[in-house]
Structures are given as C-alpha cells and as structure tokens.
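Below, chains carry the letters A, B, ... as their sequence lines are ordered, and counting in each starts from 1. If you're wondering where the values come from, they're calculated on a predicted model, not measured in any experiment.
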Amino acid sequence: MAILTGSCRFGLWHVHVAWQDDLVYRVRFARDGIPGRVPEEILRYCSGRPADLSSLKSVATEGDTTFAGIYRAVLTIPCGETVTYGEVARMVGTAPRAVGAAMARNPTPIVVPCHRVVAKTGIGGFSPDLAIKEILLGMERRGDVCTPKKREVNR
DNA sequence: CTCAAACGGCAAA
DNA sequence: TTTGCCGTTTGAG
C-alpha cells in the first residue's frame, strides 16, 4: 500500500499532505493544489471546523534525536495556547535556537503545531508566510477548530 | 541600543 | 567531510 498524497484548501493557500492511514509524512503550504485526498481531520481543521489532530501521528516525532524530542514537546501544547521557543527548549533541555531551527524544518506543520511556538518578544516566524501563523492562532484562540468543544459549555 | 555566543540537524559543496 | 544556514535568547559592552 503506497503513501497517498493530496491537498485541501486553506484560505488563499493549499495544504499538501503525504500520508498513510494515521501516519503523516509531510505537510506543506503551497499556492497550488494537487489531486488526491488528505486525512479527514486535516480537512476539518483547514475548513475551520473542530478537528481532533491527536488522532494523527507524525514521522517527525519518531526517533530519539533532539529534534524528535522537541516535536514531541510541541505536541503537548494545547489548542488555543502558545509557548515560547525558550520554554520549549527548557522542556527538552536544549537551546532556544535549536528549537527555532527545528520549527523551521518541521516536516509536518499543523500535525506538529509549530505555529503555537512563539518568540518571547513577539509572534516569531513562520514559513512560507507569517500570515498563515496568525490565521492559525486566531482560529485556535477563538476555539473554532479545538476539540473537545467543552468551550461552549462554560461560557 | 548592538553584538556575539550557545545549539542541532540538514543540505549543498 | 566541511560550511553555512536558520522561525531565539541572554548577557555584556
């Protein structure tokens, strides 16, 4: 069974995904779309509906390298919240700059929510476009894509 | 304010 | 195998 590829729309962008079952190999933002499907939860997320991304695994967290440890730490950041590069660095016992480098090379953004890692003094960076990070954080802060939806209960 | 150092993996040379 | 990148932070000058 081969690895599947496909894309879905996300605002002005398209999200390309390479995956198989619940394992995601690559996620990247591009201007153009490609044929094929993406995992259901990613589709829900990109369309602004509540999505359970924890049902997906990323190849980025496999292994015992420092980067893999960083990605696992980033996975623990709850939807709607942010943590600084320095705080992630302390969690795994490395330097803030190593965290920045790991985020820059994150093979599976969204699945590993690197957009929730911000700079101490500001929002930090995001490629290919910082606007994507701002939109993602906005959606999550509003609770649009977060699950479970106990958010509407205590309000 | 500016500057440099510490950090880790990857890709290009 | 070496070099040069980076989505940072902190302390010193």
Side-chain angles (χ1 to χ4, degrees), chain A residues 2-34 38-39 41-48 51-147:
Chain A
I3 294 176
L4 305 176
T5 59
S7 71
C8 68
R9 199 64 185 285
F10 179 70
L12 297 174
W13 296 86
H14 294 264
V15 179
H16 294 209
V17 185
W19 57 292
Q20 180 176 309
D21 299 320
D22 61 348
L23 180 61
V24 179
Y25 292 84
R26 286 289 185 279
V27 174
R28 73 182 181 94
F29 293 91
R31 288 300 194 179
D32 60 312
I34 59 174
V38 303
E41 295 304 318
I42 290 182
L43 182 59
R44 293 176 58 83
Y45 184 91
C46 289
S47 59
D52 180 21
L53 294 176
S54 69
S55 63
L56 297 173
K57 298 188 187 315
S58 165
V59 293
T61 61
E62 295 175 349
D64 63 347
T65 62
T66 299
F67 272 29
I70 291 172
Y71 295 134
R72 284 192 292 271
V74 170
L75 274 180
T76 69
I77 306 172
C79 184
E81 295 180 25
T82 59
V83 167
T84 67
Y85 297 98
E87 287 169 330
V88 174
R90 278 197 297 281
M91 283 187 237
V92 302
T94 185
R97 184 157 186 200
V99 175
M103 296 304 97
R105 306 190 200 319
N106 177 12
T108 60
I110 296 182
V111 178
V112 174
C114 56
H115 56 280
R116 294 177 196 156
V117 185
V118 299
K120 190 179 188 184
T121 57
I123 191 174
F126 195 90
S127 55
D129 192 330
L130 190 55
I132 296 173
K133 188 173 188 174
E134 294 169 342
I135 292 170
L136 292 176
L137 289 177
M139 291 193 321
E140 296 190 353
R141 206 174 330 116
R142 282 193 304 277
D144 292 348
V145 295
C146 298
T147 174

Between the main-chain N or O of A:Thr108 and the side-chain N or O of A:Asn106, is there a donor-acceptor pair closer than 3.5 Å?
yes
Can any side-chain N or O of A:His16 pair as donor or acceptor with the backbone N or O of A:Asp32 at less than 3.5 Å?
yes
Go along nucleotides 5-11 of chain C 5' to 3' and tag each nucleotide: B for a protein heavy atom under 4.0 Å from its base, S when only backbone or sugar atoms are that close, - otherwise.
BBBBSS-
Closest heavy-atom pair, A:Ala51 versus A:Thr147, reported as atoms and distance to 0.1 Å, is O-CG2, 2.8 Å
A:Cys46 and A:Cys8 SG atoms under 2.5 angstrom apart:
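No, no disulfide: SG-SG not under 2.5 Å.
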Between B:dA12 and C:dG7, how far apart are the P atoms? Round to whole Å, please.
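Approximately 16 Å lies between the P atom of C:dG7 and that of B:dA12.
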Determine: side-chain N/O of A:Thr65 to OP1/OP2 of B:dG8, distance under 4.0 Å, yes or no.
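The answer is no; no side-chain N or O of A:Thr65 sits under 4.0 Å from OP1 or OP2.
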Any-strand Watson-Crick or G-U partner of C:dG7, both distances under 3.5 Å:
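Partner of C:dG7: none found under 3.5 Å.
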Does some side-chain heavy atom of A:Ile70 sit less than 4.5 Å from a side-chain heavy atom of A:Val88?
yes
